[in-house]
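Because the structure is a prediction, the values reported are computed rather than measured. Letters A, B, ... are given to chains in the order of the sequence lines, protein chains preceding strands, and every chain is numbered from 1.
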Amino acid sequence: MIQAFHVYKQYDRESSALSDITLHIRKGEFCFLTGPSGAGKTTFLKLVFREELPSQGQILVGGRNVTAIPDSQIPELRRSIGVVFQDFKLLKRKTILENVAFVLRILSVPAKEQRRRAFAALKAVGLHHKMHAYPLQLSGGEQQRVAIARALINDPMLLLADEPTGNLDPEMAQEIMTLFQEVNARGTTVVVATHDREMIQRMGKRVIGLERGRVASG
Amino acid sequence: MIILRALAYFFAEASTSLWRSRLMNALSVGTIAVSLFVLGAFLTIASNLNEVVARWSRKVQVTFYLTDGLEGPVRESLVGRLKDDPAVESVEVISRDQALERFRALFRDLQTLPDDLGENPFPASVEATLRPGRETPEEVKRLVAAFEKAPGVEEVQYDLLWIQRLSTAIRLVRGVGALLGGILVLAGVFTISNVIRLTVYARQDELDIMRLVGATRAYVKGPFVVEGLIQGGLGGLISVGLLWAAFRVLARDALAASDLLGRAVVFLPLDVCVFIVAGGMAVGVVGSLLSLGRSRV
C-alpha cells in the first residue's frame with residue numbers, strides 16, 4: 001500500500017527531518033510508526049497524503065507515485081486516504097453530523113445521502129445519539145471518534161493516524177485502538193504514528209521505529 | 001447538478017459568514033456603495049448635460065436681429081441671400097409680435113413685463129438654421145462675417161460657442177467623475193480584499209481542514225468569492241438606490257430649469273444602473289481573489 005524509496009526531507013540546510021527512508025507497508029496491514037518526538041513520524045505521514053513533498057526519493061501509495069502527481073490531483077488522493085490527527089481537526093462551528101457529512105458535501109453528494117451515510121458513520125463509532133452536538137460539547141475521546149467517523153466515511157483504502165490517542169486517557173485510547181482494529185478487519189490498511197510504547201506492546205502489531213529521521217527497526 | 005450543489009453551498013456559506021461578521025462586511029458594502037455613488041452621480045450629471053448639448057446641437061442657429069421698421073425688399077434680399085448660402089438649411093422670419101409671443105410662452109412669470117414697458121421691446125429677426133454636418137464654428141463664423149454688415153442687420157447672435165464650452169465642461173465632468181470614481185473603486189477593491197483576508201485568517205483552521213479532507217482549491221475559495229460578489233452587488237444596489245433618492249430630491253429643483261433646457265431632467269438609463277451593480281460585483285470578486293491570492297488557501 002505504501003512504498004517509500006530512499007526518501008529524504010529537509011526543512012533547512014542544517015538538519016534533515018527524514019533521511020534515506022525505504023520501507024514497504026502491505027495492503028491490509030496494521031502497523032505502528034514509532035519513535036521519540038522529532039523522529040520524523042508526522043513528516044512521513046505528511047509525505048504520504050501529500051501535505052509535503054520529499055526533498056528526494058519517491059513514495060507510492062496504492063501504486064500511485066504521490067511525489068509526481070500534479071497539484072490538481074491532490075484532493076482526489078486525499079479522498080482515498082482517511083487521516084486522524086492528535087488535535088482532531090473538527091470544524092467547531094458545525095455539528096458532528098455536519099462535520100462527518102462535510103467530506104461528502106465537498107463531493108457534491110445529495111444532501112439526503114450525506115445525512116444517511118454520516119449518520120451510519122457516527123453509528124459505527126457509537127456517537128449517533130449525539131449527532132446534533134458541536135465538537136466542543138464532547139469529550140476528547142468522543143471528538144476523536146467523530147474524526148475517525150469522518151476519516152472512514154469514504155471507505156478509504158488507507159487510514160493514517162497521527163498520535164490519535166495523545167490527548168486521551170488510557171481507557172479512551174484503548175477504545176480508539178479497538179475501533180482501528182475493526183476498520184483494519186474490514187480491509188483498510190491502518191498506519192498509526194505514536195510514541196505510546198505500552199499500547200504498541202499490547203496490540204502486538206508490526207512496529208516501524210524511526211530515530212532522528214532514519215528507520216531504526218521494522 | 002453537481003455545479004448547482006456547489007453553488008448552493010458557496011452561497012449558503014457566504015451568507016452565513018457575511019451575517020456572522022456583519023459589521024465588518026457593512027464596511028465593505030458601504031465603501032463600494034459610496035464609490036459607485038460618486039461615479040454614478042458624475043455619470044448622471046454628464047448624461048444630462050449631454051442630453052442638453054445633443055438637443056441644442058441638433059439645431060445650430062444664427063439669429064440676425066433686424067433694424068427697427070425694416071420691411072420689404074431689404075428684408076427679402078437678406079432672406080434670399082441667406083437661403084442661397086450652402087451652409088444654411090432653412091430660414092425663418094420672426095416678426096416683433098412673434099418674438100413677444102415666444103417670450104410670453106417661455107417666461108410665464110414675466111408675462112406682464114412688456115405691458116409694463118408700454119411697448120413691444122423685441123426686435124424682428126431672421127433665424128438661419130445650419131445644415132447637418134456644417135454646424136462647425138468655422139461655418140458659423142464665416143456666415144456671421146458675411147452677413148453682419150449686411151443692410152438691415154443690427155446685431156448677430158449665435159450659440160455654437162456656448163455649445164462648445166458646454167461640451168468641454170461635460171468632458172471635464174466625465175473625466176473628474178471617472179478619476180474620482182476610479183480612485184474610490186480601487187479603495188473598494190482594497191477594503192473588500194482586506195476584510196475578506198481577515199475572514200480567511202480567522203477561518204484558516206477551517207480551510208486547512210477542508211483541504212485535508214480533499215476539498216479542491218475552487219471549493220475552498222468559492223464561498224469567499226461569492227462573499228465578495230454579494231458585498232459588491234449589495235454596494236452597487238445601495239448606490240443605485242441612493243442615486244435615485246438624491247435624484248428625486250434634486251430633480252424637483254432642477255425641473256424649473258429644465259423647461260428652459262427643453263425636456264425634463266433624466267435619471268441614468270437602466271443599462272447604466274445594471275452596469276453599476278455588475279461593476280460592484282466585479283469589484284467584490286476582484287477584491288476577494290486578490291486576498292485569496294495572497295493567503296494560504
Side-chain angles (χ1 to χ4, degrees), chain A residues 42 45-46 48-52 69-85 87-94 98-114 118 121 135-136 143 146-154 156 158-162, chain B residues 1-25 195-227 229-231 288-289 291-297:
Chain A
T42 302
L45 294 186
K46 280 182 172 173
V48 172
F49 66 91
R50 249 312 281 280
E51 176 72 353
E52 305 265 5
I69 60 169
D71 282 0
S72 60
Q73 284 177 25
I74 294 175
E76 201 194 318
L77 168 79
R78 290 190 182 154
R79 288 170 199 163
S80 65
I81 302 174
V83 189
V84 176
F85 301 90
D87 58 355
F88 324 131
K89 292 203 189 298
L90 297 174
L91 300 165
K92 294 180 193 70
R93 289 197 277 239
K94 293 190 188 295
E98 286 167 343
N99 261 282
V100 176
F102 188 74
V103 181
L104 302 173
R105 197 169 180 187
I106 61 175
L107 293 175
S108 293
V109 169
K112 223 175 177 180
E113 201 187 330
Q114 281 177 34
L136 296 182
Q143 287 187 57
V146 175
I148 292 168
R150 179 182 66 189
L152 295 177
I153 195 163
N154 266 337
L158 172 63
L159 181 73
L160 304 176
D162 189 7
Chain B
M1 199 62 191
I2 285 177
I3 291 174
L4 277 183
R5 271 195 209 110
L7 279 178
Y9 163 77
F10 292 168
F11 274 96
E13 286 290 305
S15 328
T16 313
S17 162
L18 282 172
W19 182 246
R20 204 176 282 142
S21 38
R22 45 193 173 276
L23 265 178
M24 213 154 67
N25 291 313
V195 166
I196 287 189
R197 195 139 55 108
L198 286 177
T199 319
V200 171
Y201 279 143
R203 291 174 54 191
Q204 191 66 58
D205 284 356
E206 215 172 299
L207 304 180
D208 287 344
I209 294 170
M210 287 170 76
R211 286 190 312 108
L212 287 175
V213 298
T216 56
R217 249 168 230 270
Y219 209 85
V220 177
K221 286 182 177 183
F224 293 101
V225 175
V226 170
E227 219 172 288
L229 183 91
I230 294 177
Q231 285 176 342
S288 66
L289 285 178
S291 72
L292 292 170
R294 280 183 295 181
S295 59
R296 190 164 51 94
V297 176

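Counting heavy-atom pairs under 4.5 Å between each of K89(A), R50(A), R105(A), E51(A) and chain B puts R105(A) at the top.
The structure places CG of L90(A) at 6.5 Å from CD1 of I209(B), a figure rounded to the nearest 0.5 Å.
Using a 4.5 Å cut-off between heavy atoms, L212(B) touches chain A through backbone and side chain atoms alike. Heavy-atom distances place the side chain of R93(A), and not its backbone, under 4.5 Å from chain B.
Nearest heavy atom pair, residue V213(B) against residue I106(A), reads O-CD1, 3.6 Å.
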All N/O donor-acceptor pairs, side-chain side in residues 3-15 of chain B, below 3.5 Å, sequence neighbours left out:
{"from": "R5(B)", "atom 1": "NH1", "to": "S108(A)", "atom 2": "O", "distance (Å)": "2.8"}
{"from": "E13(B)", "atom 1": "OE2", "to": "K94(A)", "atom 2": "NZ", "distance (Å)": "3.0"}
{"from": "S15(B)", "atom 1": "OG", "to": "F11(B)", "atom 2": "O", "distance (Å)": "2.4"}

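Residue-level contacts of residues 74-83 of chain A with chain B, in order of numbering, are P75(A), R78(A), R79(A); threshold 4.5 Å between heavy atoms.
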